[in-house]
Amino acid sequence: MRPSAHDFPLHRPVREVQPRTSVRFSGVDLCLHELMSALPAAIYTTDAAGRITFYNAAAAQLWGCQPELFETEFCGSWKLYWPDGRPMRHDECPMAVALRTGKPVRGLEAVAERPDGTRVPFIPYPTPLRDAAGQLIGAINMLVDTSDRKAFEQTARAHTGLFETLNGIAKVSSELDLRRIEQMVTDIAVKVSGAEFGAFVGGAGVGGAGDGRDSGSAILAVSGTSREAFEALGLTRNAGLGATLRPTVTGADDARGHARRMDGGPDRAPLADEVRVASHLAVHIAYHGKGHGMLVLAHAQPGVFTEQTESMVAGIAALAGIAIENASLYASERQLATIVETSTDAIVSKDLNGIVRSWNQGAERLFGFTAAEMVGRSVTNLIPPERQDEEDTILGRIRRGERVEPYDTVRARRDGTLVDISLAVSPVKDAEGRIIGASKIARDITERKQAQARQELLTCEVQHRTKNLFAVVRAVVARSFAGKRTVEEAQASVLDRLHSLAQTHVMLLDEDWSGVDLAEVVRTEARPYPGRIAIDGPQIILDPQAAQNFALAVHELATNAAKYGALSNGTGQVLVAWEVNELNGERRFRFCWMERDGPPVSPPRSKGFGSAVLEQMMADYFDDPPRIEFAPSGIRYELRGALKALTGKA
């Protein structure tokens, strides 16, 4: 029976190592075995079944044991592993593959574990052996110990890693992007410390970042794991964050034991038992007492972070504090420059003699002068002759350290036109606090001035319209009671008509009292009767008075149809149509309300407010009097006249 993959009781530790063989050889074979025994390279042979038939001292030394001949199969190693650390069964080792396929195996690597636990990386060269007839009789294998090469490669990688780290640190020093600094510092700290993962934690919870970020601690960058996985560990809640503003290192050799601090301060409480790390390290990042965050590093094994590691990470944190401070200052300057350059306001600086020193794009757009044309010239070139004394007053106040609050004034453009502006002026001081000039912010208030003029005009118009509206309301109230049997009936009639007026006024206000589309007036009154009133006609903008009267007329027609006409049953329909035609060079308007499929209608016995609106009020707009026809199919109401009477335009 073949031994198991990792249990070889027949292997004996190396004591007095001698070449092992138990077969008789010819003279040539004996010389060959003596030669193989003398070679410093590890060599062994097997039969066709894979049983070891010979091995030399170098092989036994590499294995660290003496396997039994004709008992041990494929390889004399105590245990075997793939280069990545996975266990390798003896029956899948390169020698077993060579015997199974009958072909040499090249280019593979493996690791042998000795009985004392040490491991030796090696490269095998198994080659099948055949007799004169070509039959497979066994194989020979040479094992090349690559420990020295691996050590050299590891040293080379370490030096390469060191150079890369130094290069990364140099890049941090010159980086001005805050987010990139946070990520670069985190990556370097994880690599240098040997941590499995780490994060850059910032916010008010770690010494008050003071940069507008979240008020609580926030993970700003992670390395070696995902943000979600790091947050789940709870390290930021247990690593003593926010304890000090000084660069401080806190850590634990084992999170389940006592905590220690590099600066000799009081012990910190250990991490919670459920945290899935053993070693942890937390390093504050600060510059001149201003906290910027903390590096938090972790590893599943205890005792990972040495004093040397802590010192290196503390140095990286100190460098990070300087880099972050520089990046913050750079960002502030860039932000200020961007605000000034992209501002829609004109932002100008000048010296105490009124000579322009800077001129942004907003100033170019507002005044028409380019920066090349204005820098070095007096700002009085913008001031109209009648306002030249303003500049002397402003400069006098600036020299006294006073600020000129925003006030409305007028300045001249490059083309000579005047522009209304709001102007504010503030003193500019040098590093010693001396006043050396002024900054001016000018805002174009042309639209505001125009809006004020429109508002004043609109106020007058509203006052005029309000007087007319009160007259209409009085008429509505007075005439709505005529013919009504009860106060409630009259009240309902008044409210309906006032509601119609209110709707029209809302539309007029939405259009700054400039007029309302006739179609919108009709649609508004037809809204309570969905699907029953069809509308067809071109766009006609009624003036405010005509819109108000048309709304009342359509309201009366719809109310009457709902009580007595086509809208009083389930089948009746109403068509509201209008058109505009040219006649003798004049634009003529025709409007028609037509009901059908309603109950038979007849003229009213008495006339009230509705009749007055339809016959008298609307007659004021048209050459021909309004026509009301009480046909068997329903009421037909028609208006004809000049369009300009409704729109106020020819």
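Scope of the values below: all heavy atoms of this structure, side chains included, with no hydrogens, waters or symmetry mates.
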Residues forming a salt bridge (charged side-chain N to carboxylate O under 4.0 Å, His left out) with [X], sequence neighbours excluded:
| X | result |
| --- | --- |
| D389 | none |
| E364 | none |
| E386 | none |
| R397 | E402 |

Polar side-chain atom of [X] near backbone of [Y] as donor-acceptor pair, under 3.5 Å:
| X | Y | result |
| --- | --- | --- |
| W359 | A372 | no |
| Q388 | T380 | yes |
| D517 | E520 | no |

### Derivation of the side-chain hydrogen bond (donor to acceptor under 3.5 Å, both in side chains) call for D187 and S223
CA-CA 6 Å; D187 291 339; S223 183; 2.8 Å; yes

### Query
Salt bridge or not for D420 and R411, using N-O below 4.0 Å?
no

### Query
Are the charged groups of K449 and E447 less than 4.0 angstrom apart, N to O?
no

### Task
Go through the steps to decide whether K440 and K350 satisfy the test side chain to side chain contact (heavy atoms under 4.5 Å, CB included), and finish with yes or no.
CA-CA 8 Å; K440 307 177 69 168; K350 61 182 181 181; 3.5 Å; yes

Residue pair [X] / [Y]: nearest heavy atoms and the distance that separates them:
| X | Y | value |
| --- | --- | --- |
| F200 | H292 | CE2-O, 3.7 Å |
| A346 | L366 | CB-CD2, 3.9 Å |
| G198 | L297 | CA-CD2, 4.0 Å |
| S439 | V428 | N-CG2, 3.6 Å |
| S193 | V190 | OG-O, 3.4 Å |
| V283 | A317 | CG1-CB, 3.4 Å |

### Query
Taking only residues two or more places apart in sequence, or in another chain, which ones meet R413 in a side chain to side chain contact (heavy atoms under 4.5 Å, CB included)?
D415, T417, V419, D444

### Task
Could you pull out all residues at least two apart from D351 that satisfy side chain to side chain contact (heavy atoms under 4.5 Å, CB included)?
N353, I355, R357

### Task
Apply side chain to side chain contact (heavy atoms under 4.5 Å, CB included) to the pair I398 and L352, showing each step before the final yes or no.
CA-CA 8 Å; I398 292 300; L352 293 178; 4.0 Å; yes

### Query
Could you go step by step and tell me if L423 and I441 meet the side chain to side chain contact (heavy atoms under 4.5 Å, CB included) rule?
CA-CA 6 Å; L423 182 64; I441 300 178; over 6 Å; no

### Query
Should the ring pair F230 and F197 be called parallel, tilted or perpendicular, given that the plane angle runs from 0 to 90° and is split at 30 and 60?
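F230 vs F197 ring planes: perpendicular.
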
